[in-house]
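Contents: one structure, followed by commentary.
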Amino acid sequence: RKTILQHTTQQINKMKVQLSLYAKNLPKVTSLFQGAANPYAVVKTLSEDGKAVDVGKTEVVTKTLDPTWTTRFILEHDFETTLHVSVAVFHKDDKGEPKPMGSALIDVVTMADSKPFTVSKGMKGGGDLFVKVQKYEEKGTLHLQMKGTQLKSTEGLGLGILVKPDPYFELHRLTIDRKGWDLVHRSPPVRNTLDPVWAEAVIDLGTLCRGDMNLPLRIKVFDHEKNGKHVDMGEFQSSVNGLLASKNFSATQDINQADLASAFTLRIGKSKKEMGQVVILRADLIGVATPKKEEESKRSVPAAAPAPAPAPADKVPVATAVPVAPAAFVPQAPAPAAPAAFVPPAPATDGPPPFVPPPASSGPAPFVPSTESGPAPFVPSAGSGPAPFVPSAGSGPAPFVPAAEETEPFVPPPPPPTFIDYVSGGCDLNLCVAVDFSSSNGDPRKSGTLHYFHRNGVEKNDYEMAISEIGGVLAEYDTDKKYPMWGFGAKFGGEIRHIFQCGRKTEVDGIDGMLFAYRQMFKAGLAMSEPTSIDEVIKTAARKAKTNMSNAKICGTQAYTVLLIITDGQLTDFNKTAKTIYEVNDAPLSLVIVGVGDGDMSGIKYLDNLKRDDRGIVKFVRYNDHKYSVESLSATTLEKIPDQLVSYFMKHGIKPNPPIQQKEEDIVIDDADDDDLNPFIPFETQGGGGYGGPGGGNQGGRGAPGGGGLGGQGGPSTRNMGYGG
């Protein structure tokens, strides 16, 4: 299990996603006598420095304003960064320059998190762009060549005497919800024939069948028409394994002599009228893993003689490994003026050992280089661990018996589940927020303290900035954008509260709701106080996380909770907090602890390193280290959450649900952005300021370097201007 977890961790943050495109209601850009347009799409990405990177372009779909392109684009999606994809649609004019039809800018982070996988956006210039996104895995390729024979003509009153059809075929795969079909491949037409031999197609298996060799496929044949109104010539259904089994032709034979015994019959309409046959000339898998010889031999080696029967499970003593709590954090102390008195170690407990504060010194101590603190290395107790293996009497290597020849193609086992598997399967991510109102933050009426509100009403204090920026990063993954918000470390009516509700609502709406609730607390009669404890906040979040998961199970879904704690880091009892974290480790919960200000954060770093059963749930973020870099802040905040989510579900044997398939009528079409870029035009010639992404400031915009002019639309933060321009 440990090996699988390590393998999963390496894949979690980076994931390949596959984009497919279609559009509707494109504007008419051709003349009256040209008919409908011949649209194709150009795809580019926008890098962090505002440069355009070519990804590719689709094929041309002729004579339509509602194209569905079969070209797929593979992009590497990183949950810690934001990737912007620019799509522009053009009409291909054989007698002139391409004509723009519309463009849109898509956020890949938003798309990868969307459940289900189809997002839509109105394009600048007209029409609606639809983008389907799903996880991509390399599964090898299928080399497929087919031949039609004795097809029924759709030309010349069905006789095909004067004019013969121009047949082409399409491959469709069954959708994930098994209620529809996705177009994955379209062949070029073969002109003027009833016996077409289509060119060999090389089709990615990840795209064609998601690696499932038995997934139903639908093969449809059409007569290509210049006006775009292609005529149905029949269809049949099969699978990759079905195509492999039906291959009946070798390269040394005449294609006209292919055996029709295993050919597929084309049928059309409710009457299932026969429209000819399709012969599989070639169907070969390339790049598909095969079993190792060692594995084959192991599977085929029987025992030479019956081994002694093992003792029943209840009779065999098993050494049980008892989880050992991590050592308590001891911060680095300056060298004391005199040796401290010996303190005997405290008796062992079930939780982390007690925190031992450093001895106080009477004056300034000489400089001693500090070392990186962290939990003490694990030392197994005497007698712990699994019992050593003792071979039974008479055991030894069995004689080799040749394996029977395998006839079925080898299908590699599926890879371990990943973060995107759970999210795309409907796992709901819930965000909770807790803010430190303890007196160690300073008097909020004095300038320079962490809770001070600037009189200009524009500049934000560090707590407001952390709520806006880090809360904004985590809020992207919360479905309903409603968040419980709590406070801790303050007195109400003279009584210290280690958890209390911020605002009048049990859940606030969006980032603006968080900021409003935070500001209202200073008008609610609270008194900033001590001690500073986050234990009750953590326990409350853990209970809520378990409740969310239980309710999700009833509905057949999944849920996971992220608690964002914003504090100055001056907790009163790190030992007690470590024990609390240790106790809630088994909840579907991650903790992101953000330290604001310049205080000592070494104790929070200790909490960041806590693990139980190889699973940690804490991520520490020092806000000052990332406050001027949105990308760095996002990467650090999200660094551990995917791994923590996957490790929880794998530990409890919970597999991802099948990806949710969205109905087209349920897709919400976003309005076109005024700052969308047309990737066909070089970015250097387009006006506007630099790209001001999330946290980039209201002066930023999706402009380009060298473009000149003022910045366009900025991100949610107002701290920085966009760059470039």
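Note that the numbering runs from 1 along the sequence shown for the chain.
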Taking C-beta and beyond as the side chain, do [X] and [Y] meet within less than 4.5 Å on heavy atoms?
X: Tyr483; Y: Met514; answer: yes
X: Ile467; Y: Tyr518; answer: yes
X: His498; Y: Trp486; answer: no
X: Ile654; Y: Met549; answer: yes
X: Ile604; Y: Phe574; answer: yes
X: Asn430; Y: Val562; answer: no
X: Asn548; Y: Asp428; answer: no
X: Ser590; Y: Lys619; answer: no

Least distance between heavy atoms, Ser647 atom then Gln644 atom: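 The pair with the smallest heavy-atom distance is OG-O, 2.9 Å.
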Would [X] and [Y] pass as an ion pair if we require N to O under 4.0 Å?
X: Lys640; Y: Asp608; value: yes
X: Arg519; Y: Glu464; value: yes
X: Lys505; Y: Asp509; value: yes
X: Glu138; Y: Lys16; value: yes

Exam field: side chain [X] to backbone [Y], donor-acceptor pair closer than 3.5 Å:
X: Lys121; Y: Leu105; answer: yes
X: Ser529; Y: Ser438; answer: no
X: Asn624; Y: Gly597; answer: yes
X: Ser629; Y: His626; answer: no
X: Asn657; Y: Gly556; answer: yes
X: Ser424; Y: Asp421; answer: yes
X: Gln501; Y: Gly503; answer: yes
X: Thr637; Y: Ile470; answer: no
X: Asn461; Y: Tyr452; answer: yes
X: Gln558; Y: Lys655; answer: yes

What's the verdict on side chain to side chain donor-acceptor pair (under 3.5 Å) for Ser440 and Asp568, showing C-alpha distance, side-chain angles and the deciding distance? CA-CA 8 Å; Ser440 59; Asp568 65 353; 2.5 Å; yes
Evaluate the criterion side-chain contact (heavy atoms from CB on, under 4.5 Å) for residue pair Leu515 and Lys460; output intermediate values, then yes/no. CA-CA 10 Å; Leu515 292 172; Lys460 297 178 180 178; 4.2 Å; yes
Parallel, tilted or perpendicular: which describes the rings of His652 and Tyr648, with under 30° parallel and over 60° perpendicular?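 Tilted: the ring planes of His652 and Tyr648 meet at 30° to 60°.
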I need the [X] [atom1] to [Y] [atom2] distance, nearest 0.5 Å.
X: Ile581; Y: Leu591; atom1: CD1; atom2: CG; answer: 5.5 Å
X: Leu610; Y: Thr580; atom1: CG; atom2: OG1; answer: 10.5 Å
X: Thr567; Y: Met601; atom1: OG1; atom2: CE; answer: 7.5 Å
X: Lys611; Y: Asp613; atom1: NZ; atom2: CG; answer: 11.5 Å
X: Asp573; Y: Lys579; atom1: CG; atom2: NZ; answer: 10.5 Å
X: Tyr606; Y: Phe620; atom1: OH; atom2: CZ; answer: 15.5 Å

Could you check whether atom CZ of Phe516 has more than 12 heavy atoms from other residues, nucleotides or ligands sitting under 6.0 Å from it?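 For Phe516, atom CZ is not crowded (no more than 12 foreign heavy atoms under 6.0 Å).
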For Leu431, which of Val592, Leu563, Leu474 qualifies under side chain to side chain contact (heavy atoms under 4.5 Å, CB included)?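 Between Leu431 and the candidates, side chain to side chain contact (heavy atoms under 4.5 Å, CB included) is satisfied uniquely by Leu474.
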Given the rule in the side chain to side chain donor-acceptor pair (under 3.5 Å) test, do Gln570 and Thr532 qualify, once you have shown the distances and angles that lead to the verdict? CA-CA 7 Å; Gln570 309 308 305; Thr532 306; over 6 Å; no
Among Tyr463, Phe488, Phe522, find the one that has a ring pair (Phe, Tyr, Trp, His ring centres under 6.0 Å) with Phe437.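 Going through the options one by one, the only one that passes is Phe522.
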Could you point out which residue of Lys651, Arg612, Arg615 forms a salt bridge (Lys or Arg N to Asp or Glu O under 4.0 Å) with Asp586?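 It is Lys651; the other options fail the test.
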